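Owing to the predicted nature of the structure, the values given are computational and were not obtained by experimental measurement. Atom set for the values below is all heavy atoms of this structure, side chains included, hydrogens, waters and symmetry mates excluded. In the text below, chain A, chain B and the rest are named by the order of the sequence lines, each starting its count at 1.
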Amino acid sequence: MGLTGLEIYKHLPKTNCKDCGSPTCLAFAMALASGKASLDACPHVTDEAKEALDSASAPPIKLVTVGTGDHKVELGEETEIFRHDKRFFHPTGIAVLISDSEDVAAKAEQFDDLEFERVGMHYITDMVAIKCDSGDAGKFKEAVETVAGKTEKALILMTEDPAIMEGALEAVADRKPLVCAATSDNFEKMTELAKGKDCPLVVKGSDINDLAELVEKVVGLGHKELVIDSGARETSQVLADLTQFRRLAVRKKFRLFGYPALAVTTKDDPKEEIIQAGVYVSKYADVVVLKACEKQQLLPLLSWRQNLYTDPQKPIAVEAGLYDVGEPGEDAPVYVTTNFSLTYFIVEGEVESSRIPSRVLSVDTGGISVLTAYADNKFSAETITEAIKKCGLEDKVKHKKLVLPGHVAVLKGTLEEESGWEVMVGPREASGITKYAKDNFAGGVS
Amino acid sequence: MIIIGERINGMFKDIARAINDRDPGPVQEWAKKQEYNGAHYLDINVGPSSTEPVEAMKWLVEVAQEASDLPLALDSTKYDAIEAGLKLCKQPAMINSVPAEMAKMERVFAMAAEYGAEVIGLAMNEEGIPKDADMRVGLAAELVATADAFGISPDMLYIDPLALPCNVAQDHGPEVMRTLREIKMISDPAPKTTVGLSNISQGTKNRELINRTFAVMAMANGLDSAIADACDDELMAAVASARIILDMDIYCDSFVDVFKQRNR
Amino acid sequence: MAVEILKEKYRSKVGEVVLGATKEDGGTRSHTITVGGESALPYLHFEGEIPNRPVVALEVWDIVPEWNPCFEQYYGDVYNDPGAWAKKCVEEYGADLIQVRLKGADPDLKDHSPEDCAATVKKVLEAVSVPVMVIGCGKADKDNTIYNPIAEAAAGENLVMGVGELENYKAVTSACMANNHVVIAQSPIDINICKQLNILIAEMSPAMSTRIIIDPTVAALGYGIEYSYSIMERARNGALQGDKMLAMPMYGNAGFESWRQKEANISADEQPGWGEQEERGILWEATTAMAYLQSGIDILVMRHPEALKAIKGNIDDLMKNNSY
Ligand code: SF4
């Protein structure tokens, strides 16, 4: 969104001299706001005003990159409060915390393995935070080097002592780590370090007001690759602060909060910690630092991140192909549906609750539902036949029968001709599948 | 869309007579009827011929508030009458209206700040109603900037771009639409917008059709409210549909009823 | 520097609904539970009131459920006795209320009679003193025969009963109307139908409009949860902006949805890349519930006692004031 007339007007000389061709400064401001004039037309506007107006038209939240190459993590540049208004763009970086006082090498290895295959997608735990608990610069540097040697993922260096930060940062500066953090006590040194190495910097306040003040100072020192942290650690306050960051940046163009935000969990119980992290992923954190490091703990959190950051305007597809429900044998029924994820999951759920091991053939319709795909010719005798061939269905079942969604019963004739399979017309709604299955397949497909 | 019910106006014979006889009947009947049909505010206007506008306004305000809980829009060019009315309003009211003329703005905005009232601002000044949108928007911006100086947030303002009858000033139509769009660029929060809906059809045939067509077109261009006949069912149905199409209400099969009944 | 905090000005709020009834009101519950009443988005105490904390139910079935074996150690000894099961949920696991699922009424399973169903509900009501919700077996034809006997047998208890759907809401609604119970209005992940169904129920009896709980049909993590999330966010925004027909408290069954999924159930042997099964299942359920809470849910139904514990801890945290 551009600037409003009133915002522009505040930066104009307000003399109504008419040199720009408009009768008043206000009228000129309105012409600018609606894109009908350019700022150059006013010869009297000051350089400060020009700069203020320029920066006000930048995106509401800056894009900040941590790490390099294939493992870089892009944070921020969000534009929405609600995902349903458009979408969220840059998934929250999930960072696992390693203390320099624990078995660093072991935990780093465990961390690097926190990747998952799920429904045809690859989930990655994308950041690792090394924290100085030892108070020993040498030990911290060694820990950072150890982690850097074990993983190529993006690094966060956590110490508020610039003397300890310096050595470690020196060692891994080419990895572009996130320097964490500048506080009111150390910001001059920390800013100098981060700026000197061209690395992004976390600015940590003692509350939201203190943070704003501190960001202003750090920006004043010439560093703009920032990530913000209000310093709050109680779930409810963090939720409030993260909400204010997002709202003020997006709706009010409040520049001091126009940076990605970082949140840190506090819970010691891993289950409680994952839930706490989930709240921050849901509501506006761009990086979450947590201690949990077991596969069964990270998988749910990364799945939630993946779900939340999908584009609501785009239908979500599951990978097309043949899916087993239970352990289907040669006589198991085969249901045909589309690869629109919602349709597919509902069908799968119903087939599952029939308790009859089955197969579901998900046809590639570009992720749209049965009726829409049918109307679009993407769910047709040809596409279904092609899908049957591609997945090798013939070798997996000994019968030649398919269940077609009731809504597209009209396809029965052409599909039978095209594919050579016998088509059974199933229920119109997925909710009818369980009964249908019990009525027809209680003893397998005959 | 916020509907300001236009019917309690001394221009109408039944209301003029009621004011004259101090007979609350017709006033209260219209207050209830408009509320029932989905109005959000009741416009209160003593009419052009009133000889005692202050007293008449006070009476109307009291009588209307006995019958309905809706907020009132006090409609007069006599600011003393408005101020007398504001003193009696049980909840924040709306002042209808003020042009972009400094002396009048100062009087009205000071009053609005004191009573927490919203204000309808007219896109006109001493020189009358400008024809083109740029000038109208410029006047709107002056209203916003002046209100701002009185500590009144832009979203307390309803800017009326002033629609003229379409049979005599057809060329104003597109300018009014453009004005509605550009008013939203004045500030953040933006001022709201309003129109006196029936002005557009003064002296034409098929008035209701023109009114409701204008209403939905204007809504598509950012119109937030209208001073209108809340009892015009076709108008209300058209507004309800426009709100659905513009994603302002969540669709359901009973969307027309839901819109009309929201205040009940 | 004093930052100017941005608070939304909402026109309206979510309606409050009371669940259960004490002796004074003709029931036998030790206390009632009030849900709803929010005048702010979830847990943004700084801009409005969150007067009632969301509540968490555990589910009791009238037949032995075929759940993951990991539930054996929690419920195995009470699977055969809905009363004892309910008591354990409340006393040992800390459920705020109980949802009875009359799965056994399913003609394809045990085909329990309406009288049996009513007796089961009675048994649960006698065993626990918290408010109770009752859900049918999911087959509309059968469920329509059990609502009335249950509603009558528990008259005065202010049960929550469900579910009413667009094509089939009258039987359960009239059973609730006649005996003063609360109805669950279920829509298939569709906000338009959600709104329309509420209108239709309110048209049957205006008094029912304050006795509706919205079930937007929630999906599990990884299986369309983002659709439910956005629909609940939109409904709640609508409610706050004055859409009365969306201004009811919301309900969702995180336990049932999550434990249908492979991610909760598959063993670590079969899927070593996903880690240990039980903790994964607990977190699949609790993360699902966490997301519902963030989109505005008021009544959660859970299954695993550990998931319930984690989510109650999260609710405690979220209910702390965060005003500036
Ligand atoms: S030239 Fe500049 S100072 Fe002069 S009227 Fe235009 S905007 Fe105002």
Side-chain angles (χ1 to χ4, degrees), chain A residues 82-84 115-119 208-213 216 234-237 239-241 243-244 247-248 251-252 254 256-257 267 269-272 274-276 278-279 282-283 294-301 303-304 306-308 310 312 316 341-342 345-346 349 352-353 355 434-435 438, chain C residues 1-6 8 41-46 66 108 139 189 219 221-227 229-231 233-234 237 260 263 268 273-284 286-291 293-295 306-307 309-311 313-314 317-324:
Chain A
F82 301 107
R83 68 183 285 282
H84 61 254
E115 300 194 6
F116 305 91
E117 298 296 334
R118 202 194 141 250
V119 290
I208 196 166
N209 298 318
D210 178 60
L211 173 65
E213 212 162 285
E216 193 164 40
E234 285 226 355
T235 313
S236 172
Q237 192 61 52
L239 172 69
D241 289 355
T243 303
Q244 286 300 326
R247 280 189 186 172
L248 285 166
R251 303 254 305 279
K252 293 288 164 192
F254 186 63
L256 299 176
F257 291 162
K267 301 285 174 188
D269 173 65
K271 293 190 212 55
E272 289 178 21
I274 293 296
I275 301 309
Q276 191 185 27
V279 171
S282 311
K283 298 286 168 71
E294 298 288 342
K295 283 180 176 288
Q296 68 271 15
Q297 295 158 358
L298 269 300
L299 178 64
L301 184 63
S303 302
W304 172 231
Q306 194 280 330
N307 291 169
L308 187 70
T310 50
I316 309 170
S341 66
L342 207 52
F345 290 136
I346 291 171
E352 199 178 314
S353 54
R355 309 254 174 93
T434 312
K435 184 174 187 312
K438 291 208 168 133
Chain C
M1 177 183 300
V3 172
E4 209 177 306
I5 298 298
L6 212 174
E8 293 292 346
L41 288 177
Y43 314 106
L44 302 186
H45 307 276
F46 62 79
E66 287 179 33
D108 294 334
K139 304 249 162 89
I189 318 194
L221 176 62
Y223 294 86
I225 192 174
E226 64 275 25
Y227 294 90
Y229 187 82
S230 286
I231 280 179
E233 276 202 319
R234 288 179 63 201
N237 267 309
R260 289 204 303 164
E263 285 76 359
W274 287 359
E276 196 259 326
Q277 177 265 327
E278 186 170 357
E279 187 177 18
R280 175 172 10 97
I282 293 167
L283 277 172
W284 206 259
T287 304
T288 300
M290 172 282 297
L293 285 171
Q294 286 305 314
S295 50
E306 290 286 319
K309 197 173 138 223
I311 215 68
N314 186 234
D317 291 338
L318 292 169
M319 286 303 290
K320 287 188 188 139
N321 194 1
N322 54 21
S323 301
Y324 289 95

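Formation of a donor-acceptor pair under 3.5 Å by the A:W304 side chain with backbone atoms of C:W284 is not found in this model.
Put simply, CD on A:Q297 and CG on C:L283 are 6.5 Å apart, with the number rounded to the nearest 0.5 Å. Atoms CG and OG1, from A:N307 and C:T288 in turn, are 9.0 Å apart once rounded to the nearest 0.5 Å. The NZ atom of A:K283 sits 9.0 Å away from atom OH of C:Y43, with the distance rounded to the nearest 0.5 Å.
Listed by chain and residue number, A:K267, C:K320 satisfy the salt bridge (charged side-chain N to carboxylate O under 4.0 Å, His left out) test with C:D317 (two or more places apart in sequence, or in another chain). For C:Y223, the ring-ring contact (aromatic ring centres under 6.0 Å, His included) partners at least two apart in sequence or on another chain are A:F345.
Looking at C:F46, only its side chain comes within 4.5 Å of chain A, counting heavy atoms on both sides. Neither the backbone nor the side chain of A:I346 comes within less than 4.5 Å of any heavy atom in chain C. With a threshold of 4.5 angstrom between heavy atoms, C:L41 approaches chain A through side-chain atoms but not through N, CA, C or O. Both the backbone and the side chain of C:E8 come within less than 4.5 Å of a heavy atom in chain A. Heavy-atom distances place the side chain of A:E216, and not its backbone, under 4.5 Å from chain C.
Taking 4.5 Å as the limit, some side-chain heavy atom of C:L6 sits within range of a side-chain heavy atom of A:K252.
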